[in-house]
Amino acid sequence: MALKAVHVSDVPNLDQVPENASMALYSSRFAQGAEMNRAAPRIPRFLVIGHRGNGMNALQSSDRRMRAIKENSIMSFNAAARFPIDFVEFDVQVTKDDCPVIFHDDFILSEENGSVFQRRINELSLSEFLNYGPQREPGKEGKALLRKTKDGKIVKWDVENDDPLCTLQEAFEQVDPSLGFNIELKFDDNIVYQEDYLFRVLQSVLQVVFECGRDRPIIFSSFQPDAALLVKKLQNTYPVFFLTNGGTQLYYDVRRNSLEEAIKLCLEGGLHGIVSEVKGVFRNPGAVTKIKEAKLSLLTYGKLNNVPEAVYMQYLMGIEGVIVDFVKEITEAVSDMIKPLGGAEEDGEKRLLEEGGPMQVKSKPEFSERELSFLLKLIPELIQL
């Protein structure tokens, strides 16, 4: 779908952007002096980003960590903020009355009189959306919240620590302001969206971001190529990353089918970087060099990012950050494996980070011969996927 040029002047409230917003992201996480209208800013240290907050929910997993806290919730974001992470990633959709809300799935499922029904988020008003699951008002009971698993089963959305659904504005107002937001602009893979719909959705999201963002570090990302291109056209304040499976899954839109296509899209649209499924990088490690030569940043997501050794290998490959579910474990592992050079004092460390200084390994992972043999076999297998 071709996009027509859209004028930034058509977006309301852009004049409310804080004066220092364009450098908000880079003041602590990225190099100073980055120019937002050209190559991606340098990332001087390895970033750890919490997936849907403190980790996604896998309701049938035997691992209790995957059911500990409701994903994409205020509770989950603040739980992640207790650890030394840089950002939390979460999914934003827009209700039919133009309110950005945080929810991953394309459909919200519930049960009434023994029958399961589903609604798209963009078919619900804000009040209807917030009526699902636990309620903030004492004594009020919300509609049952169910979820469809990847194998098609319908299960209750039961977690050990539940929390109400929330809006993007509530996240800005109630989450630690020093914690960065990686806002994924969420769209259904099976729908071809018209330009006017994308424009309306992005307009609603940007209005909240510009009104509430202040000095919070923010990046945008999306699997939807036209949404990524359009949000970059509509604003030049925050970086935009293109999300891709890196060729591990194929789509009708060829722009989504390889890291090479992702590079092409970023260069043509002036995007700042790529967020790839980590297996897509491991199967095509040569793309890392191409991405660096294109002066783009590279982050990854995926289950392998919950394995410290896989994260360490990515650090050695020059990947600049990982999105993870096991926030506590991976932040501890990264802190143990990687640190700024040479015992500098706090001011020196800050200067080193801002200047994009070199890093060194604090302690390499300890591998048994059996584990090392497994890892050496694992990477070629992943590359062949």
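By convention here, the first residue in the shown sequence is residue 1. For clarity, every value in this text was computed on a predicted model and none was experimentally measured.
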> Where the side chain of Q194 meets the backbone of Y197, is there a donor-acceptor pair that is under 3.5 Å apart?
Replying inline: no

> Does K264 pair with E260 as a salt bridge, N-O distance under 4.0 Å?
Replying inline: no

>> Salt bridge check, D63 against R65: does any charged N sit closer than 4.0 Å to a carboxylate O?
In response: yes

> Is there a side chain to side chain donor-acceptor pair (under 3.5 Å) between N78 and D176 once you walk through the steps?
Replying inline: CA-CA 7 Å; N78 282 323; D176 183 341; over 6 Å; no

>> Regarding R64 and E160, does a basic nitrogen lie under 4.0 Å from an acidic carboxylate oxygen?
In response: yes

> Ion pair present between D325 and K303, side-chain N to carboxylate O less than 4.0 angstrom?
Replying inline: no

> Is V101 reachable from L202 through a run of hydrophobic residues whose side-chain heavy atoms are each under 4.5 Å from the next?
Replying inline: no

> When you measure from the side chain of H272 to the backbone N and O of V240, does any donor-acceptor pair fall under 3.5 Å?
Replying inline: yes

>> The test is side chain to side chain contact (heavy atoms under 4.5 Å, CB included); show your working for V155 and T149 and say whether it passes.
In response: CA-CA 7 Å; V155 298; T149 64; 4.0 Å; yes

> Between D158 and K70, is there a salt bridge with N-O shorter than 4.0 Å?
Replying inline: no

> Between atom CG of N305 and atom OG1 of T300, what is the distance when rounded to the nearest 0.5 Å?
Replying inline: 3.5 Å

> Can you tell me how far CG of L299 sits from CG of L296, rounded to the nearest 0.5 angstrom?
Replying inline: 11.0 Å

>> Between F87 and L47, does the side chain to side chain contact (heavy atoms under 4.5 Å, CB included) criterion hold? Intermediate values first, please.
In response: CA-CA 8 Å; F87 293 81; L47 302 181; 4.2 Å; yes

>> Assess the residue pair R255 and D226 against the criterion (salt bridge (Lys or Arg N to Asp or Glu O under 4.0 Å)); give the C-alpha distance rounded to whole Å, side-chain angles, the decisive distance to 0.1 Å, and a yes or no.
In response: CA-CA 10 Å; R255 296 173 295 179; D226 294 317; 3.1 Å; yes

> Do side-chain atoms of S61 reach the backbone of A58 as a donor and acceptor pair under 3.5 angstrom?
Replying inline: no

> Out of curiosity, does V92 fall in the hydrophobic cluster containing V175 (side-chain heavy atoms, cut-off under 4.5 Å, transitive links)?
Replying inline: yes

> Taking it one step at a time, do Q169 and E173 satisfy side chain to side chain donor-acceptor pair (under 3.5 Å)?
Replying inline: CA-CA 6 Å; Q169 181 174 339; E173 294 172 346; 2.8 Å; yes

> Quick one: which of S276, P225, S221 gives a side-chain contact (heavy atoms from CB on, under 4.5 Å) with L243?
Replying inline: S221

> Going from CG on D91 to CG on L185, what distance comes out if it is rounded to the nearest 0.5 angstrom?
Replying inline: 9.5 Å

> Do V159 and L146 sit in the same hydrophobic cluster, where Ile, Leu, Val, Met, Phe, Trp and Tyr count as joined when their side-chain heavy atoms come under 4.5 Å apart?
Replying inline: no

> Is R147 paired with E71 through a side-chain N to carboxylate O contact shorter than 4.0 Å?
Replying inline: yes

> Any link between F326 and M75 through a network of hydrophobic side chains (Ile, Leu, Val, Met, Phe, Trp, Tyr) touching at under 4.5 Å?
Replying inline: no

>> Does N113 have more than 12 heavy atoms from other residues, nucleotides or ligands lying within 6.0 Å of its CG?
In response: no

> Hey, does the side chain of D86 reach the backbone of V48 with a donor-acceptor pair shorter than 3.5 angstrom?
Replying inline: yes

> If you measure from the Lys or Arg side-chain nitrogens to the Asp or Glu carboxylate oxygens, is any gap between K186 and D106 under 4.0 Å?
Replying inline: yes

> Side chain of E123, backbone of R120: donor and acceptor closer than 3.5 Å?
Replying inline: yes

> Heavy atoms, side chains only, cut-off 4.5 Å: are T167 and I102 in contact?
Replying inline: no

>> Per the ring-ring contact (aromatic ring centres under 6.0 Å, His included) rule, what does the pair list look like for residues 52-80, sequence neighbours excluded?
In response: F77-F90

> Side-chain contact, heavy-atom cut-off 4.5 Å: V334 with V311?
Replying inline: yes

> Below 4.0 angstrom, N of the basic side chain to O of the carboxylate: do D189 and R256 qualify?
Replying inline: yes

> Where does the angle between the aromatic ring planes of W157 and F103 fall among parallel (under 30°), tilted (30 to 60°) and perpendicular (over 60°)?
Replying inline: tilted

>> When you measure from the side chain of N182 to the backbone of F220, do you find a donor-acceptor pair of N or O atoms at a distance under 3.5 Å?
In response: no

>> As a quick check of understanding, evaluate side chain to side chain donor-acceptor pair (under 3.5 Å) for Y193 and D188, giving each step before the final call.
In response: CA-CA 9 Å; Y193 292 95; D188 191 326; 5.2 Å; no

>> Determine whether S335 and E332 satisfy the following criterion, side chain to side chain contact (heavy atoms under 4.5 Å, CB included), listing intermediate values before the conclusion.
In response: CA-CA 5 Å; S335 177; E332 289 176 351; 5.7 Å; no

> Which residues satisfy the ring pair (Phe, Tyr, Trp, His ring centres under 6.0 Å) test with F172, sequence neighbours excluded?
Replying inline: F181

>> Go through it in stages, so that I can follow the logic: the residues are N54 and F83, the test is side chain to side chain contact (heavy atoms under 4.5 Å, CB included), and I'd like the CA-CA distance, side-chain angles, deciding distance and then a yes or no.
In response: CA-CA 10 Å; N54 200 49; F83 302 99; 4.2 Å; yes

>> Using modelled atom types and a 3.5 Å cut-off, is there a donor and acceptor pairing between side-chain atoms of R283 and backbone atoms of G247?
In response: yes

> Quick one: CD1 on I263 to CD1 on I291, what's the gap to the nearest 0.5 Å?
Replying inline: 4.5 Å

>> Can you pull out every side chain to side chain donor-acceptor pair (under 3.5 Å) where at least one residue sits in residues 135-145? Sequence neighbours excluded, please.
In response: none

> Taking the six-membered ring for Trp, is the centroid-to-centroid distance between F187 and F223 below 6.0 Å?
Replying inline: no

> Can you list the steps and then say if N245 with Y301 is a side chain to side chain donor-acceptor pair (under 3.5 Å)?
Replying inline: CA-CA 9 Å; N245 294 94; Y301 71 93; 3.1 Å; yes

> If you measure from CG on L126 to CG on L165, what distance do you get to the nearest 0.5 Å?
Replying inline: 10.5 Å

> Under a single-linkage definition using a 4.5 Å side-chain heavy-atom cutoff for Ile, Leu, Val, Met, Phe, Trp and Tyr, are I85 and Y315 assigned to the same hydrophobic cluster?
Replying inline: yes

> Between the side chain of Q93 and the main-chain N/O of D105, is any donor-acceptor distance below 3.5 Å?
Replying inline: yes

> How many angstroms lie between OG in S204 and CG in D97, if you round to the nearest 0.5 Å?
Replying inline: 9.5 Å

>> Whether the side chain of S110 engages the backbone of A144 through a donor-acceptor N/O pair (distance < 3.5 Å, no angle test) should be reported.
In response: yes

